[in-house]
Amino acid sequence: MNKLNIHTVFSRFQAANPNPKTELRYGNHYQLLTAVILSAQATDKGVNKATGPLFKIIKTPQDLLNFGEENLMKAISTIGLYRSKGKHLMATAQILVDHYNGKVPRTREALEMLPGVGRKTANVVLNTAFGQPTMAVDTHIFRVSQRIGLAKGKTPLAIEQKLMKVIPEEFIMNAHHWLILHGRYTCTAQKPKCQECMIVDVCRYGAKNV
DNA sequence: CTCCCGATAT
DNA sequence: ATATCAGGAG
């Protein structure tokens, strides 16, 4: 039986991609926060397409307040759920200016109080901006974890907690990027590409798909 | 739980 | 035509 060997899985991810990073484009912490808020139920590619031009103008929350909601809505109208995201971005910018001197707070509690920021987004910012070993469980990680047998659970939080226990400490910092990239390009939702998967030999799901 | 919501892949 | 995409708020 090919039981999933977790150390093997992450060793291979590491060998193939020693320094994985987000595919969202950004120039500072505030732009990263903005991009992650925009990325809910949307592709990174689609977000980058809109933020490319936008981030030439918007580099701080004060910039966004000056820019205004109408202009923001137009700029992000190609992204799904753009109306609620636009509202959240305006409200978040106001809070950052009023309470955080225009900077992105570094604690989970403060981040999760921002409109449009839940646990997953907070985890991404904590990891990618501030170097903390968090596990942001998005749709890819939720699917991949269950499919390959890394972690089972009904909610993203349950998966997150199991992953934090199960993944060796040496891999925690990069694990969430490796898992996302694996889910996005190989272990896809429809028609996963098991033939070109680097962990197919230790994956139960893959065993029956090759 | 429902709603939000355009672009792209299948 | 339908499923999916770095979810979060009400």
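Quick note: numbers below take in every heavy atom, side chains included, and nothing from hydrogens, waters or symmetry partners. Reminder, nothing fancy here: chain letters follow the sequence lines and each chain counts from 1.
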Student: Can you tell me the distance, in whole Å, between the CG atom of A:Leu38 and the P atom of B:dC5?
Tutor: 13 Å

Student: Please work out if A:Leu179 contacts a base, only the sugar-phosphate, or nothing of the nucleic acid, heavy-atom cut-off 4.0 Å.
Tutor: nothing

Student: With a non-hydrogen cut-off below 4.0 angstrom, is A:Ala189 in contact with a base, only sugar-phosphate, or nothing?
Tutor: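 Result for A:Ala189 = sugar-phosphate.
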
Student: Heavy atoms within less than 4.0 Å of DNA chain C: which residues of residues 68-90 of chain A have one? Give them sorted by number.
Tutor: A:Leu81, A:His88

Student: Do you know the tightest heavy-atom contact between A:Val47 and A:Ser39?
Tutor: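 That would be CG2-CA, 3.7 Å.
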
Student: Kindly assign one of parallel, tilted or perpendicular to the pair A:His182 and A:Phe13, based on the angle between their ring planes and the thresholds 30° and 60°.
Tutor: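 A:His182 vs A:Phe13 ring planes: tilted.
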
Student: With nearest nucleotides of DNA chain C determined for A:Thr188 and A:Met113 from heavy-atom distances, which residue corresponds to the more 5′ nucleotide?
Tutor: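 That would be A:Thr188.
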
Student: Do you know which two heavy atoms are closest between A:Lys85 and A:Ala40, and how far apart they sit?
Tutor: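 Shortest heavy-atom contact: NZ-O, 2.7 Å.
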
Student: Do the side chains of A:Lys45 and A:Glu23 get close enough for a salt bridge, i.e. N-O under 4.0 angstrom?
Tutor: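 Salt bridge: no.
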
Student: A:Arg108 CZ to C:dG8 P: how many Å, rounded?
Tutor: 11 Å

Student: Considering only C:dG7, C:dT4, B:dT8, which nucleotide approaches the side chain of A:Ala40 most closely?
Tutor: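 Closest nucleotide among those given: C:dG7.
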
Student: What is the distance, to the nearest angstrom, from the OH atom on A:Tyr185 to the C1' atom on C:dT4?
Tutor: 15 Å

Student: Separation of A:Leu157 atom CG from C:dG7 atom P, in whole Å?
Tutor: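 Checked: the CG to P distance equals 16 Å.
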
Student: Please report the distance, rounded to the nearest Å, between CZ in A:Arg184 and P in B:dA7.
Tutor: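 One finds 19 Å between P of B:dA7 and CZ of A:Arg184, rounded.
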
Student: Enumerate, atom names and distances included, each donor-acceptor pair closer than 3.5 Å involving a side-chain atom of residues 68-83 of chain A, sequence neighbours excluded.
Tutor:
residue : atom : partner : partner atom : Å
A:Glu69 : OE2  : A:Lys87 : NZ           : 3.1
A:Asn71 : ND2  : A:Phe67 : O            : 2.9
A:Ser77 : OG   : A:Lys74 : O            : 3.0

Student: Using heavy atoms to find the nearest nucleotide of DNA chain C for A:Glu112 and A:Asp44 separately, return the residue whose nucleotide is more 5′.
Tutor: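 Per heavy-atom nearest nucleotide, the more 5' residue is A:Asp44.
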
Student: Mind checking the P distance from B:dC5 to C:dG10? Whole angstroms is fine.
Tutor: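 Their P atoms lie roughly 14 Å apart.
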
Student: For A:Glu170 versus A:His7, what's the shortest heavy-atom pair and its separation?
Tutor: OE2-NE2, 3.2 Å

Student: Considering only C:dA6, B:dT8, B:dT10, which nucleotide approaches the side chain of A:Gln190 most closely?
Tutor: B:dT10

Student: Is A:Arg25 paired with A:Asp44 through a side-chain N to carboxylate O contact shorter than 4.0 Å?
Tutor: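 Salt bridge between A:Asp44 and A:Arg25, a charged N being under 4.0 Å from a carboxylate O: no.
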
Student: What is the separation between atom CZ on A:Arg119 and atom C1' on C:dG7, rounded to the nearest whole Å?
Tutor: 14 Å

Student: Tell me the interatomic distance from A:Leu33, atom CG, to C:dG8, atom C1', rounded to whole angstroms.
Tutor: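 Nearest whole value for this atom pair: 13 Å.
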
Student: For A:Thr139, enumerate each residue passing the side-chain contact (heavy atoms from CB on, under 4.5 Å) test, keeping only those at least two apart in sequence or located in another chain.
Tutor: A:Arg143

Student: From C:dA6, C:dT4, B:dT10, pick the nucleotide closest to the side chain of A:Lys191?
Tutor: B:dT10

Student: Can you see if the side chain of A:Lys49 gets near the phosphate of B:dT8 - specifically, an N or O under 4.0 Å from OP1 or OP2?
Tutor: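 A:Lys49 to B:dT8 OP1/OP2: side-chain N or O found under 4.0 Å.
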
Student: OP1, OP2 of C:dC5 versus side-chain N and O of A:Arg143: anything below 4.0 Å?
Tutor: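 Checking A:Arg143 against C:dC5: at least one side-chain N or O falls below 4.0 Å of OP1 or OP2.
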
Student: Starting from P on C:dT4, measure out to NZ on A:Lys193 and report it in whole angstrom.
Tutor: 15 Å

Student: Under 4.0 Å, counting only non-hydrogen atoms across every strand here, what does A:Val117 touch: a base, just sugar-phosphate, or nothing?
Tutor: sugar-phosphate

Student: For a quick check of understanding: with a heavy-atom distance under 4.0 Å over all strands, which category does A:Gly118 fall into, base, sugar-phosphate or nothing?
Tutor: sugar-phosphate

Student: Contact class for A:Val124 (heavy atom, under 4.0 Å): base, sugar-phosphate, or nothing?
Tutor: base

Student: Applying a 4.0 Å non-hydrogen cut-off, can you work out what A:Ile37 is touching in the nucleic acid: base, sugar-phosphate, or nothing?
Tutor: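 A:Ile37: no heavy atom of the nucleic acid under 4.0 Å.
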
Student: Does A:Thr121 have a side-chain nitrogen or oxygen under 4.0 Å from the phosphate oxygens OP1 or OP2 of C:dG8?
Tutor: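 True: A:Thr121 side-chain N/O within range (under 4.0 Å) of C:dG8 OP1/OP2.
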
Student: Write down the distance separating the P atoms in C:dA6 and B:dC4, rounded off to the nearest Å.
Tutor: 22 Å

Student: Under a plain distance cut-off of 3.5 Å, with no hydrogens placed, do A:Asn123 and A:Glu160 share a side-chain donor-acceptor pair?
Tutor: yes

